[in-house]
Amino acid sequence: MAPLVIETHHLSHAFRNRLVLHDLNLQVPAGSIFGFLGPNGSGKTTTIRLLLGLIRCPQNAIRLFGKDSRTHRLEILNRLGALIESPALYTHLSGRDNLEVIRLARQVDKKQIDRVLDRVQLSGDAHQKVREYSLGMRQRLGIAMALLGDPDLLILDEPTNGLDPVGIREIRELLIELSQQHGKTVFVSSHLLGEMEKIATHLAILNEGHLHFQGTMAQLQHLQSPVLSVETNDNMAAANLLQHAGYHLQESDAERLVVSISDRRQIAAINHLLLERGMSIYALQMHQQTLEDLFFTLTSHPETVENR
Ligand SMILES: Nc1ncnc2c1ncn2[C@@H]1O[C@H](COP(=O)(O)OP(=O)(O)OP(=O)(O)O)[C@@H](O)[C@H]1O
């Protein structure tokens with residue numbers, strides 16, 4: 001297994017006595033594109049601020065590059081670049097001059113400006129004022145800033161927020177290239193599973209400060225179970241019956257009844273049970289859960305998947 005670039009050990013955090021992160025044990029392997037997923041308010045930005053040392057954490061709770069984040073702060077910061085939501089930019093300056101400001105502050109070699117402009121494909125627009133940049137170009141410039149100093153690890157908080165589909169695709173391609181061709185580890189937060197699905201090698205799913213899943217994309221896909229849509233003359237009565245028989249209902253209302261099943265034999269058993277109780281069955285349709293469904297289940301009924 002690749003060495004871990006980020007590790008958190010029982011990391012918790014409270015704002016004024018309100019616990020917003022609970023016992024987080026993250027493990028981010030070197031070279032991964034690690035999607036840190038969760039709905040709004042689940043604690044992603046708080047985790048990222050803790051990782052970056054913008055919020056103080058207890059000693060031994062966070063290790064970056066195998067070193068404790070409290071005792072090796074400078075050494076760690078030299079190896080990472082970050083972008084939290086939108087970059088702070090001087091819009092009256094050109095893209096190149098914005099990079100120059102950061103370069104001077106970080107005391108990085110001047111040659112790096114051309115290198116990072118090229119990497120984010122802004123070389124041709126480098127002399128244009130940032131106020132003329134699209135939102136997508138501004139985000140790419142923000143990533144270029146994070147790349148100054150040639151960091152091994154990039155930490156990006158919702159980098160595609162507010163972008164149109166073209167901007168989202170550009171960022172997606174850039175992150176894949178940074179990982180695959182330049183060997184960076186990319187830790188990227190998002191509330192959109194569909195977006196992460198296209199690029200992440202690993203995922204963690206956070207909800208209300210609790211980690212509900214962590215692993216590779218393949219491991220997440222393995223959790224996808226088949227479901228059965230059931231349509232009867234009385235879906236509410238059918239739902240009661242199935243629940244009493246021990247089935248897990250993913251959705252149940254008068255319109256829609258969706259039951260988790262483990263194999264096809266359960267379809268026959270459900271059919272039998274409903275007929276036995278005199279119900280009319282209009283449809284039984286098996287389909288594979290999508291990752292979107294699984295994400296919804298993990299963040300709303302985690303107990304149903306956690307122990308599989
Ligand atoms: N400075 C703060 N003071 C008090 N509460 C805070 C503070 N920052 C965040 N919170 C609370 O902590 C919880 C987690 O917020 P956080 O911003 O980390 O979530 P998030 O997953 O990044 O959400 P979003 O996608 O909306 O940015 C929320 O309930 C939020 O209201």
Side-chain angles (χ1 to χ4, degrees), residues 5-28 32-58 61-64 69-70 77 80-89 135-136 138-140 142-143 145-146 153-165 167-168 171-172 175 185-200 202-215 217 220 291-292 294-302 305-306:
V5 170
I6 301 177
E7 293 161 80
T8 68
H9 297 279
H10 305 288
L11 178 66
S12 295
H13 187 72
F15 287 113
R16 285 180 230 98
N17 295 332
R18 190 168 74 88
L19 209 55
V20 298
L21 281 184
H22 305 255
D23 210 25
L24 221 63
N25 293 303
L26 281 174
Q27 298 197 321
V28 179
S32 59
I33 300 185
F34 193 97
F36 191 42
L37 264 171
N40 292 125
S42 53
K44 303 181 299 294
T45 303
T46 304
T47 306
I48 286 179
R49 291 176 66 205
L50 282 158
L51 293 177
L52 297 176
L54 300 172
I55 306 179
R56 210 171 148 84
C57 70
I62 298 178
R63 291 180 85 77
L64 294 165
S69 72
R70 283 277 299 275
L77 287 180
L80 74 82
L83 174 61
I84 301 193
E85 292 190 350
S86 329
L89 299 169
L135 215 54
R138 290 178 190 214
Q139 279 311 75
R140 281 188 281 138
I143 295 176
M145 287 171 162
L153 168 66
L154 273 179
I155 296 184
L156 308 172
D157 189 17
E158 304 258 9
T160 55
N161 240 3
L163 298 190
D164 62 16
I168 292 176
I171 299 287
R172 196 190 292 147
L175 299 188
T185 305
V186 181
F187 182 90
V188 52
S189 79
S190 175
H191 58 277
L192 303 171
L193 172 69
E195 192 184 309
M196 285 296 106
E197 217 183 319
K198 296 194 176 85
I199 60 168
H202 294 69
L203 279 178
I205 296 179
L206 191 70
N207 191 38
E208 295 181 354
H210 293 272
L211 200 60
H212 289 302
F213 171 82
Q214 173 169 229
M217 274 306 287
L220 182 70
L291 273 184
E292 203 72 50
L294 182 60
F295 180 51
F296 178 76
T297 312
L298 278 165
T299 52
S300 48
H301 307 286
V305 259
E306 259 168 7

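Each ligand, and each atom within it, is numbered from 1 in the order the structure gives.
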Mutual orientation of the aromatic rings belonging to Phe36 and Phe187 [parallel < 30°, tilted 30-60°, perpendicular > 60°]: tilted
Shortest non-hydrogen contact between Lys198 and Gly194, atoms and distance: CG-O, 3.5 Å
Which atom of Ile199 lies closest to which atom of Arg172, heavy atoms considered: CG2-CG, 2.9 Å
Given Leu21, Asp23, Leu24, Leu11, the one that forms side-chain contact (heavy atoms from CB on, under 4.5 Å) with Leu211: Leu24
Amino acids in close contact with ligand 1, where any non-hydrogen atom sits under 4.0 angstrom away: Phe15, Arg18, Val20, Pro39, Asn40, Gly41, Ser42, Gly43, Lys44, Thr45, Thr46, Glu85, Glu158
Atom of Glu158, atom of Ser189 and distance for their closest heavy-atom approach: N-OG, 2.9 Å
side-chain contact (heavy atoms from CB on, under 4.5 Å) against Glu197, all qualifying residues, sequence neighbours excluded: Leu193, Met217, Leu291
